[in-house]
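Structure, as structure tokens:
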Amino acid sequence: MTDQPQHQPQSPSGEGAPELFTWEFASDPYPAYAWLREHAPVHRTRLPSGVEAWLVTRYADAKQTLADPRLSKNPAHHDEPAHAKGKTGIPGERKAELMTHLLNIDPPDHTRLRRLVSKAFTPRRVAEFAPRVQELTDGLIDRFADSGSADLIHDFAFPLPIHAICDLLGVPREDQDDFRDWAGMMIRHQGGPRGGVARSVKKMRGYLAELIHRKREALPAEPAPGEDLISGLIRASDHGEHLTENEAAAMAFILLFAGFETTVNLIGNGTYALLTHPEQRERLQTSLAAGERGLLETGVEELLRYDGPVELATWRFATEALTLGGQHISAGDPVLVVLAAADRDPERFADPDTLDLARRDNQHLGYGHGIHYCLGAPLARLEGQSALATLLTRLPDLELAVDPAELRWRGGLIMRGLRTLPVRFTAPPR
């Protein structure tokens with residue numbers, strides 16, 4: 001511990017002050033975020049884990065914070081008390097030696113590692129991957145289309161990005177079910193067995209180390225067109241980029257982890273929003289039936305803004321004392337940007353609580369901002385567009401099978417997503 005001045009975390013106070021991090025809050029956090037934006041835009045609070053952190057809720061402050069070099073991604077800068085040790089990242093990543101990934105490092109290491117993987121997510125490479133994403137999308141719908149009902153999280157939104165990112169990484173098809181099981185434990189961490197996330201992370205780490213070794217042994221002298229990402233990382237390492245095995249395993253791990261849960265939630269939250277806004281859903285279906293893509297593209301951006309998959313940006317830690325939104329932040333303090341609050345800020349977006357798929361002025365922060373802007377955003381957009389367009393086209397009378405009040409949102413800090421999404425529809429004729 002350092003001699004930084006100690007702040008006492010405070011619950012929001014004043015008339016109408018909301019209670020944060022309850023189950024009711026998880027179902028609809030937006031009224032609470034509106035109150036914070038107006039009354040306590042940079043607010044220190046104690047999180048359910050016991051960690052004390054600053055929440056940043058206004059768009060202008062959020063954008064500044066996401067790009068501020070004085071806020072480090074490296075947990076080593078956290079002035080953490082003993083009771084908060086290891087509670088600011090992915091459970092189990094420290095013990096599994098998976099800390100050296102893009103969400104935990106700063107330049108120059110961040111610059112070096114991001115450069116190594118960025119070529120896998122160029123618009124051209126993602127466009128080349130589009131037929132595979134469409135094949136996965138259709139194959140998953142084929143499995144449940146005849147039944148007239150499905151849980152769109154379990155049957156569709158969850159497996160689609162898992163198989164897509166595994167294909168991109170180069171995980172053999174016969175091993176992808178194992179990845180699905182491990183990822184399932186990580187995404188269900190609030191309802192799974194105690195320690196389940198850490199065990200899944202450890203198993204994934206062991207598998208990735210073995211896969212990297214096997215691929216290195218069999219790596220051809222010259223890369224084939226469309227070479228998988230793990231082989232590309234190995235090739236870069238072997239050609240002087242100094243990528244350690246831990247860095248390669250951590251990179252593969254975070255691409256899998258960050259590349260699947262965000263897209264699960266984009267598809268789940270997006271489908272739910274469309275099903276509960278029938279006039280917007282009808283506009284999109286009419287547009288798709290006419291062979292147009294414009295409303296689909298702006299629509300996915302609006303769904304990212306309106307109820308996006310990432311509620312809070314990942315952890316940042318002040319490397320020196322600074323001021324945010326008029327508040328003094330001490331060196332070592334954790335700072336969390338509330339993307340969900342910033343993207344509903346009426347100072348930035350007209351009618352922010354209205355879903356408008358045709359919204360044009362939409363510089364949302366759903367995928368972050370600055371040097372840590374989401375590397376996989378082009379792939380996530382492709383998967384989101386493919387999933388929503390195919391669902392609405394193949395199952396045109398899709399509807400919720402339960403009252404919206406019965407749906408439950410996963411408890412957690414960073415991500416926002418539904419546990420289940422039961423739907424019904426008319427089975428298409430054979």
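Residue indices begin at 1 and follow the sequence shown.
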Test item: Arg348 side-chain N/O and Arg58 main-chain N/O as donor-acceptor pair under 3.5 Å: no
Under 3.5 Å donor-acceptor, Ser72 side chain and Asn74 backbone: yes
Within-4.5 Å side-chain heavy-atom neighbours: Phe129 and Leu379: yes
Residue from Leu413, Thr45, Val56, Thr65 passing side chain to side chain contact (heavy atoms under 4.5 Å, CB included) with Leu336: Leu413
Arg70 backbone acceptor or donor facing Glu320 side chain under 3.5 Å: no
Test applied, side chain to side chain donor-acceptor pair (under 3.5 Å); reference residue, Ser386; option that passes from Arg381, Gln134, Glu135: Gln134
Side chain Asn269, main chain Arg416, donor-acceptor under 3.5 Å: yes
Partner residues of Phe25 under the ring pair (Phe, Tyr, Trp, His ring centres under 6.0 Å) criterion, sequence neighbours left out: Phe21, Tyr33
Separation between CZ of Arg180 and CZ of Phe260, rounded to the nearest 0.5 Å: 11.0 Å
With Glu302, the side chain to side chain donor-acceptor pair (under 3.5 Å) member among His364, Arg359, Arg360: Arg359
Short side-chain to backbone donor-acceptor contact, Arg132 and Asp167, under 3.5 Å: no
Pair Arg124 + Glu128, salt bridge at N-O below 4.0 Å: yes
Arg44 bridged to Asp333 by N-O distance under 4.0 Å: yes
Side chain proximity check, Glu311 to Met415, heavy atoms < 4.5 angstrom: no
Side-chain donor-acceptor contacts of residues 270-278 below 3.5 Å, not counting sequence neighbours, with atom names and distances?
unit_1 : atom_1 : unit_2 : atom_2 : d
Thr271 : OG1    : Ile267 : O      : 2.7
Thr276 : OG1    : Tyr272 : O      : 2.8
Thr276 : OG1    : Ala273 : O      : 3.2
His277 : ND1    : Ala273 : O      : 2.7
His277 : NE2    : Tyr306 : OH     : 3.4

Ring pair (Phe, Tyr, Trp, His ring centres under 6.0 Å) involving Tyr373 - partner list, sequence neighbours excluded: none
Polar contact flag, side-chain donor to acceptor under 3.5 angstrom, Asp175-Tyr207: yes
Side-chain heavy-atom pair Leu395, Val423 within 4.5 angstrom cut-off: no
